[in-house]
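A short write-up of the structure that comes next.
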Amino acid sequence: MGRMSGLPEVLAVSGSALAQRSLLLRIAEACPAFSGHFPGVPLLPGVAQVDWALKLARLHLPAVAAQGGGFQSLAGLKFRRVIVPGTTLMLELSWSAPALSFHYRSEAGDQVFSQGRITLK
């Protein structure tokens with residue numbers, strides 16, 4: 001489905017256009033977010049995961065794009081498994097104004113990598 005600069009490749013999108021979307025993502029081996037984090041053992045930084053969730057929600061959930069406000073707070077943030085280069089993940093997004101919930105899961109959906117809730121202004 002294509003790639004935007006700085007974002008992972010979106011392989012597939014499913015779910016309601018209004019409040020929920022699931023995006024199948026491929027995290028490229030050469031993803032710039034791995035740069036310096038950490039040499040020899042690349043791990044996807046948590047800040048990149050939060051940033052991607054918000055940016056992808058604005059692209060794939062019209063209600064989030066219409067919200068227009070910036071980041072206000074972050075809650076319920078949990079990192080359970082590391083994300084390494086070459087991983088394929090499912091990003092589940094759920095919007096209930098003013099908060100965006102996200103879960104990064106394994107492609108099969110049986111393992112949670114990270115999750116959180118972003119409140120917008």
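Residue numbers count from 1 along this sequence.
Residues passing the side-chain contact (heavy atoms from CB on, under 4.5 Å) test with T119 are Q72, S73, P98, A99, sequence neighbours excluded.
Within the model, atoms OG1 of T88 and CZ of R26 stand 5.0 Å from one another, a figure rounded to the nearest 0.5 Å. In this structure, the separation between CG on L24 and CD on E9 is 9.5 Å, given to the nearest 0.5 Å. Here S101 contributes atom OG and Q20 contributes atom CD; the two are 9.5 Å apart, rounded to the nearest 0.5 Å. How far OG of S22 is from CG of L91: 8.0 Å, rounded to the nearest 0.5 Å. From M90, atom CE reaches atom CD of Q111 across 13.5 Å, with rounding to the nearest 0.5 Å.
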Please tabulate, for side-chain N and O atoms in residues 42-58, each donor-acceptor pair with protein atoms closer than 3.5 Å (sequence neighbours left out).
unit_1	atom_1	unit_2	atom_2	d
Q49	OE1	S114	OG	2.5
Q49	NE2	L44	O	3.2
D51	OD2	K55	NZ	3.1
W52	NE1	G6	O	3.0
R58	NH2	G69	O	2.5

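Both L77 and L89 belong to a common hydrophobic cluster when Ile, Leu, Val, Met, Phe, Trp and Tyr are linked at side-chain heavy-atom distances under 4.5 angstrom. Linking Ile, Leu, Val, Met, Phe, Trp and Tyr residues whenever their side-chain heavy atoms come within less than 4.5 Å places L74 and W95 in a single cluster.
The shortest non-hydrogen separation linking L93 to F102 is CD2-CB, 3.9 Å. R21 approaches H60 most closely through the heavy-atom pair NE-O, 3.1 Å. Considering all non-hydrogen atoms of both residues, I83 and F113 come closest at CG1-CD2, 3.6 Å. When all heavy atoms are compared, the tightest approach of F71 to I118 is CD1-CG2, 3.6 Å. When all heavy atoms of V112 and R80 are compared, the closest pair comes out as O-CB, 3.5 Å.
Shown are V10, L7, T87; of these, the side-chain contact (heavy atoms from CB on, under 4.5 Å) with L25 is made only by V10.
Residue pairs meeting the salt bridge (Lys or Arg N to Asp or Glu O under 4.0 Å) criterion with at least one member in residues 101-118, sequence neighbours excluded, are E92-R105.
Under the 4.5 Å side-chain criterion, counting only non-hydrogen atoms from C-beta, Y104 is not in contact with R81.
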